[in-house]
Peer 1: 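Attaching a single structure in structure tokens format; questions to follow.
Labels below follow one simple rule: chain letters A, B, ... track the order of the sequence lines, proteins then strands, and each chain is numbered from 1. These figures come from a predicted structure and were not determined experimentally.
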Amino acid sequence: MERRITPRQEDYSRWYLDVIREADLAENAPVRGCMVIKPYGYRIWEGVRDGLDRRFRETGHQNAYFPLFIPMSFLQKEAEHVEGFAPELAVVTIGGGKELEEPLVVRPTSETIIGYMYSKWIQSYRDLPVLINQWANVVRWELRTRPFLRTMEFLWQEGHTAHATAEEAMEETLRMLDVYADFAIRDAAIPVIKGRKSDREKFAGAVASYTIEAMMGNGWALQAGTSHYLGDNFARAFDIKYLAPDNEVKYCHTTSWGMSTRMVGAIIMTHGDDQGLRLPPVLAPIQVVIVPIWRQEQERAAVLGLADQVRQMLADGGVRVHLDAREDQTPGFKFNDWEMRGVPVRIEIGPRDVQNNAIVLARRDRPGREGKIFGVPVPSALERVRELLAEVQQGLLEQATAFREANTHTVTDYETFKEVIEEAGGFIRAYWAGTSEDEARIQEETKATLRCFPLDQPEEEGRCFLTGAKTRQIAIFARAY
RNA sequence: CGGGGUGUGGCGCAGACCGGUAGCGCGCAGCGUUUGGGACGCUGAAGUCAGAGGUUCAAGUCCUCUCACCCCGACCA
């Protein structure tokens, strides 16, 4: 047997690239740093999109679309914003064969052009809040890229809202952080830590940035979604003002929040094992694959007949099911193939099952025979499959949570911190009262960054592991993508 | 931008020191036998050897230049 996927232990980033190739999710494009998302990978993204879009509607947001090109001067209106993004801008200077009067930036994010429009749309407190989301591609000129995790062009949604008061805007910021966490946990089965970013790590132009941080299979952290409270920074830069009930002109308070195709990378790296991908049933393009098995020609029709009957039953019940009737592949090959592609549940139907009017169920989150259930009566198939899908969904979340807990360490001094990062890896929870400079030094010396200050903070006071100062503030540190 | 490496059928590689008919594995196509955990046999298709220039009777192989990609570093919402 040829080994197609490098074991995680041997080389984690090779494993990641192998899984993407073997599961047929994406491949590199002829343009450096860009990728082609293939149909199977794109369907996972569509699952992410649908899960988020439904939640956005439920929280009162509407979709709209703003242009890809942004006048360079717009970015320059917010000092911190342009400074943060300048190094990774793609700029169009020629159009229609002629040098442009003003260069156009290919959007790295849309705060500026949306701010510009909001200033025209908003006159009165009666126009507020404005709650808009856009699904779009953005471009950031990255030096080091990895499929899904960091590419020069990526797909995402960016929500942009404007509110009358700081309180309302802050509520919105945290509400959308909750939406992301809910999606990550319930749909993607990824346990995440909600937290606030340090000043060093926050969005260029934000007052405060919030994040959901997830732990990948190698113990590294991944920022899986962010929500920013922008204060009135962009309102001042773009003149987003309204007339309040007291007849006073006031600046709006704005927010922005985004989740990207990086989420697909998070799913791969949270759940994947040495067999390949493992997909949470809620997002799996194919939730159940049926593999028919026959030995002799006369068994064929009966097996395929039952297989199709079961397929129809499940499809009618709303299950995303696929019957793999390929005749040029053996059942064994198909088992491995669909495991590699992460399908949560497999049904095996052979001559023996036809005789018993039963099927065999196998779950992806438990390897080999242990995950198989024999002799499931056909009439109860739909019900049993539904139960099993729910169990797999739950099982993946539990496994990921247990892994994160097992790889989260508490430290109280810098020496231990360095040891843990170097040897054990994973997340470090520690009291922190250091400065941005201290943070930079830690990154330099250990490659670990301050991922976030979790929203759940302890009551007790402790001592900063670096400075020894008394503080109530806990921070999470880790190496990150 | 600095250091290192690699470019040969779709993919992974050998061939290069020592110049002489371009090969192997996987994949692909056809036919047959197979099929409860990655099947096998036979037949077949497919290569501007990254590009340009040079040396030579003869270049994948030697020389010069160029390009692309990968890894490490620097940089980084």
Peer 1: Do A/E213 and A/K194 meet the salt-bridge criterion of a basic N to acidic O distance under 4.0 Å?
Peer 2: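 Salt bridge flag = no for A/E213 with A/K194.
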Peer 1: Roughly how far apart, to the nearest Å, are B/A22 and B/A46 at atom C1'?
Peer 2: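 So the two C1' atoms sit 13 Å from each other.
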Peer 1: Heavy-atom count around A/R326 CZ within 6.0 Å, excluding the residue itself: above 12?
Peer 2: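 Buried by this count: over 12 neighbours within 6.0 Å.
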Peer 1: Under 4.0 angstrom, heavy atoms only, what part of the nucleic acid is A/V291 near: base, sugar-phosphate, or nothing?
Peer 2: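 Here A/V291 touches no strand at all.
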Peer 1: Distance between the P atoms of B/A59 and B/G20, in whole angstroms?
Peer 2: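 These two P atoms come out 11 Å apart once rounded.
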Peer 1: Please check if the side chain of A/H253 supplies one atom and the backbone of A/G231 the other of a donor-acceptor pair under 3.5 Å.
Peer 2: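 The answer is no, because no donor-acceptor pair under 3.5 Å joins these two groups.
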Peer 1: Please name the nucleotide paired to B/A39 by Watson-Crick or G-U wobble geometry with both distances under 3.5 Å, or report none.
Peer 2: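 B/U33 - that is the nucleotide pairing with B/A39, both distances being under 3.5 Å.
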Peer 1: Using whole Å, report how far NZ of A/K334 lies from C1' of B/G36.
Peer 2: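 Taking atom C1' of B/G36 as the reference, NZ of A/K334 is at 12 Å.
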Peer 1: Nearest whole Å is fine: how far is B/G36 P from A/L306 CG?
Peer 2: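 That distance rounds to 18 Å.
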Peer 1: Take A/T145 and A/E297, find for each the nucleotide of RNA chain B with the closest heavy atom, and name the residue whose nucleotide sits nearer the 5' end.
Peer 2: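 Nearest nucleotide further toward 5': that of A/E297.
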Peer 1: Between B/C13 and B/U8, how many Å separate the two P atoms, rounded to a whole number?
Peer 2: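 Pairwise P distance, B/C13 against B/U8, rounds to 9 Å.
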Peer 1: Considering every strand shown, what is the Watson-Crick or G-U wobble mate of B/C69 when both distances are under 3.5 Å?
Peer 2: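 Partner of B/C69: B/G5.
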Peer 1: Ring of A/Y16, cation from A/R146 - is the NZ or CZ under 6.0 Å from the centre and inside 45° of the axis?
Peer 2: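 Here A/R146 fails the 6.0 Å and 45° test against A/Y16.
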Peer 1: Any salt bridge linking A/R384 with A/E387? Criterion: basic side-chain nitrogen under 4.0 Å from a carboxylate oxygen.
Peer 2: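 Counted as a salt bridge, because a side-chain N and a carboxylate O are separated by less than 4.0 Å.
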Peer 1: Could you tell me the Watson-Crick or G-U partner of B/A52, where both distances fall under 3.5 Å? Say none if there is no partner.
Peer 2: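 Pair assignment: B/A52 / B/U64.
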Peer 1: Just name whichever nucleotide pairs with B/A46, Watson-Crick or G-U, keeping both distances under 3.5 Å, else none.
Peer 2: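 Check on B/A46: unpaired, no WC or wobble geometry under 3.5 Å.
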Peer 1: Each nucleotide in nucleotides 72-77 of chain B should get exactly one letter: B, S or -. Can you fill that in based on protein heavy atoms under 4.0 Å?
Peer 2: SSBBBB
Peer 1: Under 4.0 Å between a side-chain nitrogen and a carboxylate oxygen: does that hold for A/E27 and A/K38?
Peer 2: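 Here A/E27 pairs with A/K38 in a salt bridge, since their nearest N and O are under 4.0 Å apart.
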Peer 1: Watson-Crick or G-U wobble partner for B/C18, using a 3.5 Å limit on both distances?
Peer 2: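 Pairing partner, where one exists within any strand: none, as none qualifies.
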Peer 1: Using atom C1' of each nucleotide, how far apart are B/G60 and B/C49 to the nearest Å?
Peer 2: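 Looking at atom C1' only, B/G60 and B/C49 are 5 Å apart.
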Peer 1: Among A/T173, A/T161, A/L177, which residue satisfies the side chain to side chain contact (heavy atoms under 4.5 Å, CB included) criterion with A/W257?
Peer 2: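 That would be A/T161; it is the only one of A/T173, A/T161, A/L177 passing the side chain to side chain contact (heavy atoms under 4.5 Å, CB included) with A/W257.
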Peer 1: Please check this pair: side chain of A/R55 against backbone of A/G51, looking for a donor-acceptor N/O pair closer than 3.5 Å.
Peer 2: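 Pair found, side chain donor or acceptor close to backbone of A/G51.
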Peer 1: When the P atoms of B/A74 and B/G2 are considered, how many whole Å apart are they?
Peer 2: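 Approximately 16 Å lies between the P atom of B/A74 and that of B/G2.
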Peer 1: Using atom C1' in both nucleotides, what's the gap between B/C62 and B/G15 to the nearest angstrom?
Peer 2: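 Pairwise C1' distance, B/C62 against B/G15, rounds to 16 Å.
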Peer 1: Give a yes/no on whether any side-chain N or O of A/T330 is located under 4.0 angstrom from OP1 or OP2 of B/U35.
Peer 2: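 So the side chain of A/T330 is outside the cut-off, no N or O lying under 4.0 Å from OP1 or OP2 of B/U35.
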Peer 1: Expressed in angstrom and rounded to an integer, what is the separation of A/F335 atom CZ from B/U35 atom C1'?
Peer 2: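 Answer to the nearest Å: 10 Å.
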Peer 1: Using only heavy-atom distances, decide whether a donor-acceptor pair under 3.5 angstrom links the side-chain of A/R346 to the base of B/G37.
Peer 2: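 Present.
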Peer 1: Need one value for A/D353: base, sugar-phosphate or nothing, where a base atom within 4.0 Å counts as base even if backbone is also close, heavy atoms only.
Peer 2: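 Base contact.
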Peer 1: Please check if the number of heavy atoms outside A/R21 that lie under 6.0 Å from its CZ is greater than 12.
Peer 2: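 Count over threshold, so yes.
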Peer 1: When rounded to the nearest Å, what value does the distance between P atoms of B/C24 and B/C63 take?
Peer 2: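 These two P atoms come out 28 Å apart once rounded.
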Peer 1: B/C76 pairs with which nucleotide, Watson-Crick or G-U wobble, both distances below 3.5 Å?
Peer 2: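 Per the H-bond distance test, none.
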Peer 1: What string of B, S and - do you get for nucleotides 2-12 of chain B, 5' to 3', if B is base contact, S is sugar-phosphate-only contact and - is no contact with any protein heavy atom under 4.0 Å?
Peer 2: -----------
Peer 1: Select base, sugar-phosphate, or nothing to describe what A/R352 touches, counting heavy atoms under 4.0 Å on all strands.
Peer 2: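 If one applies the 4.0 Å heavy-atom cut-off, A/R352 turns out to touch a base.
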Peer 1: Name the pairing partner of B/C26, where a pair is Watson-Crick or G-U wobble with both distances under 3.5 Å, or state none.
Peer 2: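 Its partner is B/G10.
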Peer 1: Quick one: does NZ or CZ of A/R140 land under 6.0 Å from the six-membered ring centre of A/F154, within 45 degrees of the ring axis?
Peer 2: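 Negative - A/R140 is either too far from the ring of A/F154 or too far off its axis.
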Peer 1: Base, sugar-phosphate or nothing for A/P351? Non-hydrogen atoms, less than 4.0 Å.
Peer 2: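 Here A/P351 touches the bases of the nucleic acid.
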Peer 1: For the side chain of A/E339, counting heavy atoms from C-beta on, which of B/C70, B/U35, B/G37 is nearest?
Peer 2: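 For A/E339, the side-chain atoms sit closest to B/G37.
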Peer 1: Looking at A/D273 and A/R364, does any basic side-chain N land under 4.0 Å from a carboxylate oxygen?
Peer 2: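 Result for this pair is yes, salt bridge flagged.
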Peer 1: Considering only the C1' atoms, how many Å lie between B/G7 and B/U48, rounded to the nearest integer?
Peer 2: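 My reading of the C1' atoms in B/G7 and B/U48 gives 15 Å.
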